[in-house]
Amino acid sequence: MRTQVAIIGAGPSGLLLSQLLDLAGVDSVVLERQSRAHVEGRIRAGVLEDQFQALLRRAGVGARMDAEGEIHDGIAIARDDRSLRIDLAGPTGGRGVCIWGQTELTRDLFAAREARGGAVLDEAADVALHGIDGDRPSVTFRRGGTEGRVDCDFIAGCDGFHGVSRRSIPPARLETWERVYPFGWLGLLSETPPVSRELIYAGHARGFALCSMRSAELSRYYLQVPAGTDPGDWPDARFWDELRARLPEAAAAALVTGPSIEKSVAPLRSFVAGPMRHGRLFLAGDAAHIVPPTGAKGLNLAGSDIHYLSAALIAWYGSGDTAGLEGYSEHAMARVWKAQRFSWWMTRLLHRFPEDPPFDRRLQEAEFDFLAGSQAAQAALAENYVGLAY
Ligand code: APR
Ligand code: PHB
């Protein structure tokens, strides 16, 4: 089969790219290793920057987000019993974020591709990239017992951190930067009302905790746990007790608990690979970079990559303009590194680093005190949290 852009991976990056290209008359085929049901069932992030919201509206998948998502114009940053409200709207000219789960977003994107007759081939095994150095690349795969092949002009590697695209670039042509943290986040989803209307990011001597949500009846909580923790060692009662111990008193007292409907551990990692282009292959989203979840930037960075990449491809097909494709890696990576800096800073501010000497612990306290006393520092946090300009 022949298409203009072969897209590997049907996560938010791949689906959104195929939708934006389609709306501009550019043809694509999406190849996804997992089943659609598997992809739609994954529980992931839930905080959308306003620019990403606008991109989704432009892609025609904003209606349910606008009707059911909740706009937040503040977050709480706590440390032991002190809690600080960070106003997001004031210092940013009225900007905010939308609480809308990636799970819901992915469902809307799949439905939109289906409604427009888009080719999204799930359960595609052994995806392999060929000819990315030349001008006739192709992708081969196996599906339902038969071999398939897609000939194309470009390949978009949107297949996440463990995908095949990044690994198809000769190692000598790709630089990587990485920081692995000695802890992860244990997440729990429960059908309980959120403890607070706004998110609470809580630093504590026992470790970090986050109170988040998906809706007025669905809460998402996280606890910092040592790397390699087995969720099986954390029955619900232990989770709730530990969460209460790490929250400021008022929040702990208000916490409504209930049975978990999902519980899992995610490792924390900062990772960047670049350049994000090799020949006719373009990397986007988690395939090129991972941020620790503390700044809520993972999904939003996928959004900015797709903003740059879709515009570049549409310009090339529209007028033969190569500037966007040539500048893609530089533009995308400039924003990625700033989000890496912010995510690292939030992570450093709020987690307990087991190897920290007492000096570093005092610095962490001073950082929180400075934030509490400085409008400028709070404004900088707000500016980053709602998202730097594309
Ligand atoms: N062949 C085909 N598909 C693959 C392959 C492969 N070899 N390897 C991985 N995939 C698929 C995965 O099954 C997944 O559905 O690629 C998709 C990648 O999706 P995500 O991991 O969601 O990455 P991305 O679309 O870039 O979204 C980034 O989503 O995963 C979160 O934390 C992440 O919030 C961030 C955002
Ligand atoms: C989430 O709701 O899953 C969530 C929210 C904010 C974060 C990370 C995760 O920073």
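Predicted model only: the values in this text are computed from it and were never measured. Each ligand, and each atom within it, is numbered from 1 in the order the structure gives.
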Between ligand 1 and L299, is the shortest N or O to N or O distance under 3.5 Å?
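Yes; the residue has a nitrogen or oxygen that sits under 3.5 Å from a nitrogen or oxygen of the ligand.
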
Just heavy atoms, cut-off under 4.0 Å: does R44 contact ligand 1 by side chain, backbone, both, or neither?
side chain

According to ring-ring contact (aromatic ring centres under 6.0 Å, His included), does anything in residues 108-148 pair up with another residue at least two apart or in another chain? List the pairs.
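Checked against ring-ring contact (aromatic ring centres under 6.0 Å, His included) - neighbours excluded - no pair reaches residues 108-148.
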
Among pairs that include at least one residue of residues 29-79, which meet ring-ring contact (aromatic ring centres under 6.0 Å, His included), considering only residues two or more places apart or in two chains?
none

Considering the heavy atoms of Q34, write down every atom of ligand 1 situated less than 4.0 Å from one of them.
13 (O)

Residue G163 vicinity, atoms of ligand 1 by number, heavy atom under 4.0 Å
8 (N)

Would you check if the distance from the ring center of W177 to the ring center of W337 is below 6.0 Å?
yes

Between Y221 and F239, does the ring centre distance come in under 6.0 Å?
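No; F239 has its ring centre 6.0 Å or more from that of Y221.
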
Just let me know how L210 lines up against ligand 2, side chain, backbone, both or neither, with a heavy-atom cut-off below 4.0 Å.
side chain

Quick one: does ligand 2 sit under 4.0 Å from the side chain of Y221, the backbone, both or neither, non-hydrogen atoms only?
neither

Would you say Y385 has any N or O atom under 3.5 Å from an N or O of ligand 2, going by distance alone?
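No, Y385 has no N/O under 3.5 Å of an N/O on ligand 2.
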
Looking only at distances, can you tell me whether any N or O atom of S212, backbone or side chain, sits closer than 3.5 Å to an N or O atom of ligand 2?
yes

So if I count the atoms of ligand 2 from 1 in the order they appear, which ones are less than 4.0 Å from some heavy atom of T294?
10 (O)

By number and element, which atoms of ligand 2 are closer than 4.0 Å to a non-hydrogen atom of P293?
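Matching atoms, with element in brackets: 7 (C), 8 (C), 10 (O).
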
Are the side chain of D356 and the backbone of R352 linked by a donor-acceptor contact shorter than 3.5 Å?
no

Does ligand 2 have an atom that lies less than 4.0 angstrom from a heavy atom of M346?
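No, M346 has no heavy atoms under 4.0 Å from ligand 2.
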
